[in-house]
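Step one of this worksheet: look at the structure below.
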Amino acid sequence: MHVIDSHTGGEPTRVILDGGPDLGSGPLAERAQRLAKDHQDFCRSIMCEPRGQPAMVGALLVEPTRPDCAAGVVYFDAGAVLGMCGHGTIGLAVTLAHLGRITPGTHRIETSVGVVEVCLSNANTVTVKNIESRCVAQALSIEVDGFGPVTGDVAYGGNWFFIIDPSPVPVERANIRRLTDLGIAVRKATNNAGIGGERGEPIDHVIFQDKTTNGAVHSRNFVLCPDDTFDRSPCGTGSSARLACLAAEGLLRPDEEIVQQSVIGSSYRLSYTMGENGGVVPKITGQAFVTAEAKLLFDANDPYRNGI
Ligand code: PYC
């Protein structure tokens, strides 16, 4: 199985070029469901140690159904199949450029939740125009076991987010363990309370937003992912959900650009235009770097061939 690894603002992406499971040729949403239902061992074997690493997201390249798309992709981490992945799309575009499959300019990528656009400015810099994102509930208060009440917004940016602003714990590297534990407890509380998307979709990511003293930066975030790792980057789909909430509250105008920083200090430039369905169409600009080209080996006698 041939893979290319990259990182976007510190968050790893592994693009699977060949050797992955055959998901058929239907709509990408169906192929993503098939990956989630029938191929959990594959996902864990690629993402978990000893082959993978914490926080890694997989990008399984598939044939797009649409002829105007440069590639089709299904994203996943060790815990779930993801609808969209912003950092992964930046990593994928840089990887396709590294392979000579795309050149600077604008290209379309088909994902399981819709078509996104990537604009490759140079070998490392990419702007993703994401699917329309929306804020579906504001200022919901929930009781979190062992912590107390927290208040947050529910928003969609290709995945489902519960966004807590301001964070009750400062968003700093020293607090990553506390933020992770609190994020897991918040996600459990939202799911127990039936909080999620309009069609009952569960919250899969939790975001804590915090202020910063750096005048050039709008805010810092900590993003908990479905596999209980935190996003080293500011999270493309999370930033999209956040933009939808800022727009809904009248706190950011269309085309106004802000800088969003992650808990490790990596950043994205963000802006939006109005969507056709009352939401926003986010633009996320970030940088990715290729770190490895590898052939993954699976020994039938290896007791940990499917990951730890
Ligand atoms: O960038 O959208 C993102 C993302 C989702 C999970 C990890 N990164």
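Ligands are counted one by one from 1 in listed order, and the atoms in each one are counted from 1 as well.
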Which ligand 1 atoms are under 4.0 Å away from a heavy-atom of [X]?
X      : value
Gly236 : 1 (O), 2 (O), 3 (C)
Glu11  : 7 (C)
His205 : 5 (C), 6 (C)

Next on the checklist: To check you understand the geometry: which heavy-atom pair defines the closest contact between Asp77 and Pro226, and what is its length?
Outcome noted: OD2-CD, 3.4 Å
Should [X] be counted as touching ligand 1, given the test is an N or O pair under 3.5 Å?
X      : answer
Thr237 : yes
Tyr268 : no
Cys235 : no

Next on the checklist: Among all the protein's non-hydrogen atoms, which is closest to atom 3 (C) of ligand 1, and how far away is it?
Outcome noted: Gly86 N, 3.2 Å
Checklist entry - Nearest protein heavy-atom contact for atom 7 (C) of ligand 1: which residue, which atom, what distance? => result Asp231 OD2, 3.3 Å
Next on the checklist: Looking at Arg14 and Asp5, is there a salt bridge between them, counting it only when a charged N and a carboxylate O are closer than 4.0 Å?
Outcome noted: yes
Checklist entry - Would you call Glu110 and Arg66 a salt bridge, taking side-chain N to carboxylate O under 4.0 Å as the test? => result no
Checklist entry - Checking Arg177 against Phe230: charged group under 6.0 Å from the ring centre and within 45 degrees of the axis? => result no
Checklist entry - Arg187 and Phe162: side chain to side chain contact (heavy atoms under 4.5 Å, CB included), yes or no, with the steps? => result CA-CA 8 Å; Arg187 191 181 55 211; Phe162 192 71; over 6 Å; no
Item to check | Pairs meeting criterion ring pair (Phe, Tyr, Trp, His ring centres under 6.0 Å) with involvement of residues 181-220, two or more places apart | outcome: Phe161-His205
